[in-house]
Amino acid sequence: MRRAWKRQHGFTMVELITVMVLIGVLAAIGIPRLMGENSVNAVVFGDQVASALRTAQKSAVAKRRIVCVTTLQRTLQLRISTAAGSVSCDLQLDGANDGTFDSQDDKVSMTNPQPTLFFHPNGAIAANANGAPLPGFDITVSDSSGVRRTIHVDGRTGLVN
């Protein structure tokens, strides 16, 4: 006598759990991107700001001239004085063309308490070409979700972190 096996319909518990885990992973990655939440741009711009400030400080020391950094919400401009002892920053810094350190994302912005920074050949940072070094201050980079990066600058030593 032949026994008829009844075939059961449905999924096993392992299959259901696997599918739920995959859906969870896709939701965690996909939903923020679909909703326009992309904090990576703010973090990258923060790294660019820190890099620009370090470049300005090292260039001022290496070339023995004042380097000026002008900061706007999404733009940094690096200029260098024409000669040692000069206080006007007229020349574009080599390797730092306009647009090199800019953010293309209109949701990303930078807040700097000093719109123009003057990097001196001794490494110090001042608010004007002949001024005393600034005390420590912070530059913040934020997007629509809030502050994504805080860059601390020590005006006396030129340390940027």
Side-chain angles (χ1 to χ4, degrees), residues 22-161:
L22 288 173
I23 289 173
V25 169
L26 290 174
I29 294 170
I31 288 176
R33 289 182 186 246
L34 290 174
M35 301 303 286
E37 183 65 33
N38 193 359
S39 62
V40 172
N41 291 342
V43 173
V44 168
F45 182 56
D47 291 344
Q48 288 176 329
V49 170
S51 175
L53 296 175
R54 288 184 191 113
T55 298
Q57 196 264 348
K58 291 180 186 314
S59 296
V61 171
K63 297 181 186 258
R64 309 288 308 151
R65 292 193 261 165
I66 292 177
V67 175
C68 306
V69 177
T70 304
T71 60
L72 301 172
Q73 280 190 332
R74 292 186 297 274
T75 303
L76 282 96
Q77 292 180 341
L78 280 68
R79 301 280 189 264
I80 191 166
S81 59
T82 54
S86 174
V87 294
S88 64
C89 297
D90 301 330
L91 299 174
Q92 197 168 45
L93 188 63
D94 291 338
N97 299 329
D98 289 347
T100 301
F101 300 105
D102 294 356
S103 172
Q104 303 304 318
D105 188 345
D106 60 350
K107 295 177 185 168
V108 176
S109 65
M110 168 181 47
T111 304
N112 180 6
Q114 303 294 327
T116 303
L117 299 169
F118 293 83
F119 290 78
H120 292 270
N122 65 358
I125 305 169
N128 58 50
N130 297 320
L134 292 167
F137 62 93
D138 291 332
I139 297 173
T140 59
V141 176
S142 50
D143 63 7
S144 56
S145 298
V147 174
R148 293 294 180 185
R149 171 99 193 257
T150 301
I151 302 162
H152 182 73
V153 181
D154 185 347
R156 293 181 187 98
T157 63
L159 181 66
V160 177
N161 59 8

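Only a predicted model underlies this, so the values are computations on that prediction, with no experimental measurement involved. If you read the sequence from its start, that first residue is 1, and numbering goes on from there.
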Interatomic spacing from CZ in Arg156 to CG in Leu134 - rounded to 0.5 Å: 9.0 Å
Partner set under side chain to side chain contact (heavy atoms under 4.5 Å, CB included) for Thr100, not counting sequence neighbours: Asn97
Pairwise disulfide (SG to SG under 2.5 Å) hits with a residue in residues 117-161, at least two apart: none
Partners meeting side chain to side chain donor-acceptor pair (under 3.5 Å) with Asp102 (sequence neighbours left out): none
Qualifying salt bridge (Lys or Arg N to Asp or Glu O under 4.0 Å) pairs with a residue from residues 41-52, counting only residues at least two apart or across chains: Asp47-Arg149
Rounded distance (nearest 0.5 Å) linking atom CG of Asp106 with atom OG of Ser144: 9.5 Å
Residue pairs involving residues 97-161 (criterion disulfide (SG to SG under 2.5 Å); sequence neighbours excluded): none
Residues forming a side chain to side chain contact (heavy atoms under 4.5 Å, CB included) with Thr111, sequence neighbours excluded: Thr140
Any Val69 side-chain heavy atom under 4.5 Å of Phe101 side chain: no
Full working for side-chain contact (heavy atoms from CB on, under 4.5 Å) between Leu53 and Ile139: CA-CA 11 Å; Leu53 296 175; Ile139 297 173; 3.7 Å; yes
Side chain to side chain contact (heavy atoms under 4.5 Å, CB included) against Ala60, all qualifying residues, sequence neighbours excluded: Val67, Phe119
Check: Asp143 and Asn41 side chains under 4.5 Å, non-hydrogen atoms: no
Test side chain to side chain donor-acceptor pair (under 3.5 Å) applied to Asp138 - qualifying residues, sequence neighbours left out: His152
Of all pairs that satisfy disulfide (SG to SG under 2.5 Å), the ones with a partner from residues 78-161, not counting sequence neighbours: Cys68-Cys89
side-chain hydrogen bond (donor to acceptor under 3.5 Å, both in side chains) partners of residues 48-75, not counting sequence neighbours, each pair once: Thr71-Asn112
Exercise: identify the closest heavy-atom pair between Pro113 and Pro115: O-CD, 3.7 Å
Minimal non-hydrogen separation, Ala50 against Ile151, with atom names: N-CD1, 3.9 Å
Summary of disulfide (SG to SG under 2.5 Å) pairs that have at least one residue in residues 125-161, sequence neighbours excluded: none
Asp90 versus Ser88, side-chain donor and acceptor atoms under 3.5 Å: yes
Could you give the side-chain donor-acceptor pairs of residues 120-130 under 3.5 Å, partners two or more places apart or in another chain?
residue, atom, partner, partner atom, Å
His120, NE2, Ala129, O, 3.4
Asn122, OD1, Ala124, N, 3.0
Asn128, OD1, Asn130, N, 3.2
Asn128, OD1, Gly131, N, 2.5

Leu78 side, atom CG; Leu91 side, atom CG - distance, nearest 0.5 Å: 13.0 Å
